Chemist: 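I'd like to ask some things about the structure below.
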Amino acid sequence: MIGLCCHYVVPVTKRNGTIEYDNILNERTLQFKAFNSGKYSKEKVLDTYINNISHVKSILNKILNEGIKSYRMSTGVFPLWDIVSDDIKNNDLVLSTLKEIGAFVLKNNMRITCHPDQFVVLSSDNPNVRDNSLKTLSMHAWIFDKMELPKTPYYSINIHGGKGGNGKQLIESICALPDSIKNRLTLENDESSYSVADLYEVYANTQVPVCFDSHHHSFNDGGMSAEDAMNKAFTTWGTSKPMTHLSNTTPGLESGSFREKRKHSDYVHYIPEYQLKAHSENKTDIDFEFKMKNLAIFKAVKDFNISLV
DNA sequence: CCAAGTCAAGGTGCC
DNA sequence: GGCACCTTGACTTGG
């Protein structure tokens, strides 16, 4: 399956005739300071939560109709989740919508995953940072629990290794996680700190699967060929189908600096042969990390003759 | 309507 | 040391 990440874009013609691309997943945010200074009523917070989760429900319906069966949820569906009161989280409509989404996903053999933000650093030296990371992970596990999804990495909570060289702390933190997080966790190789080889060591101590990102691997290969790294990552997934990620450098910046090369392109320009082959043999689902989101997926289906499922 | 400034948080590379 | 970047800008304010 090909996976859509977070947004769904549509072209919109502005009054001056130019075309812009808007995200139709209209997610609302809440701000920490405004919350703390009492600017948000309970109704406003609840309204934000219901608005956001309703959008997830409608986007899943929309993409299924168009043949996309894998979706990465945004991290911002329930802003300030760790500090709002329990009666907002346990609101009937919030919970029933989550349950409906879970049933919809299972019934239609869809895959839903999430990718908590960069502030989740289980390998941090700072216990407060590790504790905040736990809160964020708890939110994602709570979402999938309320969707009544199995606790497997198929419905993955995917994170990075975090602070480089701190594999020991990473392993220790993972081992202390509750099953609702640990059994869904996956670790993705990044551009500078944790290669597939580094994460394999963590896997050997925790059984947490490795999510292979072919673009990141090109920055930080840990001494392995990309194909070997992908296949090594595949061996960590047990009975769940491995997830991999695909992105490209923006055209023209391929020979640029580290910063330039990591810039994601709007559309798909190339798919590594080994990754395309693995997908055609049904050995992996691929999240497409392109700025034009669904438009990039549909263009790639034509350009590369790939199947959405 | 539009542009600029602001927003909770970590780690990293580039300048 | 400051800034941009990361899976992803939205919101407020002032023109």
Side-chain angles (χ1 to χ4, degrees), chain A residues 3-9 14-16 18 20-37 39-40 44 48 51-52 55-56 59 70-84 112-137 139-140 156-166 169-170 173 186-195 211 213 215-216 219-220 243-247 249-250 253 256-266 286-294 296:
Chain A
L4 175 71
C5 297
C6 307
H7 291 177
Y8 189 102
V9 302
K14 299 287 170 183
R15 270 195 292 188
N16 64 8
T18 59
E20 283 186 15
Y21 293 89
D22 286 355
N23 172 30
I24 60 164
L25 192 91
N26 238 322
E27 189 174 88
R28 300 217 298 262
T29 63
L30 297 172
Q31 291 183 355
F32 184 72
K33 274 189 179 167
F35 181 89
N36 277 344
S37 58
K39 282 185 188 156
Y40 297 142
K44 164 141 177 120
T48 302
N51 169 77
N52 291 356
H55 271 85
V56 174
I59 206 83
S70 181
Y71 180 65
R72 180 191 299 177
M73 272 180 79
S74 155
T75 57
V77 177
F78 298 127
L80 308 180
W81 184 88
D82 55 324
I83 54 173
V84 307
I112 190 163
T113 63
C114 63
H115 195 357
D117 61 32
Q118 63 269 36
F119 302 111
V120 171
V121 187
L122 289 176
S123 56
S124 176
D125 295 318
N126 183 339
N128 290 329
V129 173
R130 300 200 298 268
D131 192 51
N132 285 337
S133 303
L134 177 61
K135 285 176 186 163
T136 301
L137 292 170
M139 174 186 74
H140 289 287
S156 71
I157 300 175
N158 180 50
I159 61 172
H160 292 288
K163 191 175 170 72
N166 275 13
Q169 178 64 64
L170 181 55
S173 297
T186 62
L187 286 164
E188 176 186 347
N189 59 307
D190 64 73
E191 305 102 318
S192 49
S193 301
Y194 287 86
S195 66
C211 176
D213 184 310
H215 190 230
H216 292 164
F219 292 83
N220 182 18
M243 175 65 82
T244 58
H245 291 180
L246 176 73
S247 56
T249 295
T250 296
L253 300 179
S257 65
F258 176 92
R259 186 184 291 181
E260 287 171 333
K261 280 192 289 188
R262 80 198 294 200
K263 265 184 100 68
H264 286 188
S265 60
D266 289 342
I286 308 179
D287 269 355
F288 274 32
E289 299 173 333
F290 296 88
K291 287 187 185 161
M292 296 308 272
K293 305 291 181 184
N294 45 298

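Computed from a prediction, not measured in an experiment: that's the story for all the values here. In what follows, chains are A, B, ... by sequence order, proteins preceding strands, each numbered from 1.
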Chemist: Over 60° means perpendicular and under 30° means parallel, so classify the ring planes of A/H115 and A/H245, tilted if in between.
Modeler: tilted
Chemist: Write down the partner of B/dC14 under the Watson-Crick or G-U wobble criteria, each distance required to be under 3.5 Å.
Modeler: C/dG2
Chemist: What integer number of Å spans the P atoms of C/dT7 and B/dG13?
Modeler: 15 Å
Chemist: Sticking with atom C1', work out how far B/dA9 lies from C/dC6, rounded to a whole angstrom.
Modeler: 13 Å
Chemist: What integer distance in Å separates A/N132:CG from B/dA9:P?
Modeler: 10 Å
Chemist: To the nearest 0.5 Å, tell me how far A/I83 CD1 sits from A/K135 NZ.
Modeler: 9.5 Å
Chemist: Determine the interplanar angle of the A/H216 and A/H160 rings, folded into 0 to 90°, and report it as parallel if under 30°, tilted if 30 to 60°, perpendicular if over 60°.
Modeler: tilted
Chemist: Reading DNA chain C from 5' onward, which residue's closest nucleotide shows up sooner: A/R72 or A/K39?
Modeler: A/R72
Chemist: Please determine, for the side chain of A/E289, which listed nucleotide (B/dG13, C/dT7, C/dG9) has the closest atom?
Modeler: C/dT7
Chemist: Would you check if A/F119 stacks with the base of B/dA9, given a 5.5 Å centroid limit and a 30° plane limit, both strict?
Modeler: yes
Chemist: NA contact type, A/H216, heavy-atom cut-off 4.0 Å: base, sugar-phosphate, or nothing?
Modeler: sugar-phosphate
Chemist: Rounded to the nearest Å, what distance is computed from the CG atom of residue A/L170 to the P atom of nucleotide B/dG11?
Modeler: 13 Å
Chemist: Contact class for A/K291 (heavy atom, under 4.0 Å): base, sugar-phosphate, or nothing?
Modeler: nothing
Chemist: Return no unless some side-chain N or O of A/T29 is found under 4.0 Å from OP1 or OP2 of C/dG9.
Modeler: no
Chemist: Give a yes/no on whether any side-chain N or O of A/H160 is located under 4.0 angstrom from OP1 or OP2 of C/dT7.
Modeler: yes
Chemist: From NZ of A/K263 over to P of B/dT12, roughly how many Å is that when rounded to an integer?
Modeler: 21 Å
Chemist: When you get a sec, tell me which of B/dA8, C/dT8, B/dG13 is the closest nucleotide to the side chain of A/H264?
Modeler: C/dT8
Chemist: Got a salt bridge between A/E191 and A/K261, using NZ or NE/NH1/NH2 to carboxylate O under 4.0 Å?
Modeler: no
Chemist: From the list B/dG13, C/dT7, C/dG9, which nucleotide is the closest neighbour of the side chain of A/D117?
Modeler: C/dT7
Chemist: Just call it for A/H245: base, sugar-phosphate, or nothing, with non-hydrogen atoms closer than 4.0 Å on any strand.
Modeler: nothing
Chemist: Determine the interatomic distance between P on B/dG10 and the same-named atom on C/dC11; round to the nearest Å.
Modeler: 23 Å
Chemist: Of all heavy-atom pairs between A/P79 and A/T48, which one has the smallest distance, and what is that distance?
Modeler: CG-CG2, 4.1 Å
Chemist: Round to a whole Å and report the spacing from CG of A/D213 to C1' of C/dC6.
Modeler: 12 Å
Chemist: Looking only at side-chain atoms of A/V121, point me to the closest of C/dC5, C/dT7, B/dG11.
Modeler: B/dG11
Chemist: Rounded to whole angstroms, how far apart are CD on A/Q118 and P on B/dA9?
Modeler: 12 Å
Chemist: Taking atom C1' of B/dC14 as reference, at what distance in whole Å does atom CZ of A/F219 sit?
Modeler: 13 Å
Chemist: Of the nucleotides C/dT7, B/dC15, B/dT12, which one has an atom closest to the side chain of A/K163?
Modeler: B/dT12
Chemist: So, is A/S193 close to the B/dT12 phosphate, meaning a side-chain N or O under 4.0 Å from OP1 or OP2?
Modeler: yes
Chemist: Please report the shortest heavy-atom distance between A/K291 and A/D266, naming the atom on each side.
Modeler: CB-OD1, 3.4 Å
Chemist: What interatomic distance, in whole Å, is found between P of C/dA4 and the corresponding atom of B/dG5?
Modeler: 12 Å
Chemist: When the distance from CD of A/E260 to P of B/dT12 is rounded to whole Å, what number comes out?
Modeler: 22 Å
Chemist: Check each of A/H7, A/H55, A/E27 against A/S74 using the side chain to side chain donor-acceptor pair (under 3.5 Å) test, and report the only one that passes.
Modeler: A/E27
Chemist: Quick one: label A/G164 by what it contacts on the DNA or RNA (base, sugar-phosphate, nothing), any heavy atom closer than 4.0 Å.
Modeler: sugar-phosphate
Chemist: Rounding to the closest angstrom, what is the interatomic distance between C/dT8 and B/dA3 at atom P?
Modeler: 23 Å
Chemist: Measure from NZ on A/K261 to P on C/dC5 and round the result to the nearest Å.
Modeler: 16 Å
Chemist: Which of the following nucleotides, C/dC6, B/dC14, B/dC7, is nearest to the side chain of A/F258?
Modeler: B/dC14
Chemist: Quick one: look up who B/dG5 pairs with, Watson-Crick or G-U, both distances under 3.5 Å, and put none if it's unpaired.
Modeler: C/dC11
